[in-house]
Amino acid sequence: MSENPKDLKYTKEHEWARRTGNTVVVGVTFYAQESLGDVVYVELPRAGASVTQGQSFGVIESTKAVSELYAPLSGKVVKVNEELRNTPQTVNQDPYGAGWLIEIEPSDPKQLDALLDADGYQKVVAASK
């Protein structure tokens, strides 16, 4: 599944964001997990933590590299994918589903509109290959 879902928004740092009512679920893209290789560890903030758009909110570690995770928008973390502590490889297996990372209650929902759409993100991927 290298296709970027059209209903998501994307960052140039390869995170995706999906609006779900009043919150936004965040994960890493297929391209990101494919580039990283086998994910072996994910460090995420606790629920209740604040994140700032464009700032690091955690770390994803693979057999190849350690990479920062960047918040696509500012807000409060309301949910963390605790399953990833025991099964970080879920990020590889299902990056747009069960491999989600955090859920944010945005402080400014308009920040989501400023992110890339699927076509814009595809251009970023094409330029980085």
Side-chain angles (χ1 to χ4, degrees):
M1 178 212 279
S2 58
E3 188 68 21
N4 301 307
K6 301 276 187 220
D7 64 325
L8 303 180
K9 292 292 198 167
Y10 300 88
T11 69
K12 291 178 177 149
E13 294 79 31
H14 310 290
E15 282 82 21
W16 57 260
R18 174 186 295 125
R19 188 187 310 260
T20 55
N22 294 334
T23 62
V24 175
V25 176
V26 177
V28 296
T29 64
F30 180 88
Y31 175 79
Q33 67 77 30
E34 188 177 54
S35 300
L36 283 167
D38 296 332
V39 174
V40 295
Y41 177 72
V42 181
E43 182 182 303
L44 300 171
R46 297 186 193 290
S50 292
V51 294
T52 303
Q53 184 178 43
Q55 300 294 309
S56 173
F57 69 82
V59 174
I60 189 165
E61 192 173 319
S62 73
T63 53
K64 289 185 194 175
V66 176
S67 299
E68 298 278 334
L69 295 164
Y70 295 97
L73 64 171
S74 299
K76 184 171 89 175
V77 177
V78 292
K79 205 168 174 186
V80 177
N81 189 346
E82 298 293 345
E83 298 296 316
L84 297 181
R85 290 190 201 287
N86 299 321
T87 55
Q89 65 274 16
T90 305
V91 172
N92 294 117
Q93 296 159 353
D94 190 7
Y96 296 114
W100 65 277
L101 302 173
I102 61 173
E103 192 169 335
I104 299 171
E105 187 179 285
S107 51
D108 181 2
K110 290 187 185 85
Q111 287 181 330
L112 193 61
D113 300 331
L115 298 177
L116 299 166
D117 63 13
D119 293 335
Y121 177 67
Q122 193 53 49
K123 289 178 182 142
V124 169
V125 170
S128 61
K129 284 188 176 175

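- The shortest non-hydrogen separation linking A71 to V51 is CB-CB, 4.0 Å.
- Counting only heavy atoms from C-beta outward, the side chains of P106 and L112 never approach each other to under 4.5 Å.
- Paired with Y121 under the rule side-chain hydrogen bond (donor to acceptor under 3.5 Å, both in side chains), one option of H14, K9, K12 passes, and it is H14.
- Counting heavy atoms from C-beta outward, F57 and V77 have side chains that stay 4.5 Å or more apart.
- Closest approach of L116 to V124, counting heavy atoms only: CD1-CG2, 3.7 Å.
- The minimum heavy-atom distance between E43 and L69, with the atom names listed, is O-CD1, 4.3 Å.
- Listed by first then second residue, pairs satisfying side chain to side chain donor-acceptor pair (under 3.5 Å) with a partner in residues 65-74 read S56-E68, not counting sequence neighbours.
- For residues 75-87, the pairs satisfying side chain to side chain donor-acceptor pair (under 3.5 Å) are E82-R85, T87-T90, with sequence neighbours left out.
- Although no hydrogens or angles enter the test, the distance criterion places a donor-acceptor pair under 3.5 Å between the side chain of W16 and the main chain of P95.
- Under the 4.0 Å criterion applied to side-chain N and carboxylate O atoms, D117 and K123 are not assigned as salt-bridge partners.
- The two atoms that bring V80 and W100 nearest to each other are C-CH2, 3.7 Å, heavy atoms only.
- Each of V24, V78, N22 was evaluated against E105; a single residue qualifies, V78, per the side chain to side chain contact (heavy atoms under 4.5 Å, CB included) test.
- Closest of all the heavy-atom pairs between R19 and D113 is NH2-OD1, 3.5 Å.
- The closest donor-acceptor contact from the side chain of Y96 to the backbone of F30 lies under 3.5 Å.
- Closest non-hydrogen pair, P72 versus A17, comes out as CG-CB, 4.1 Å.
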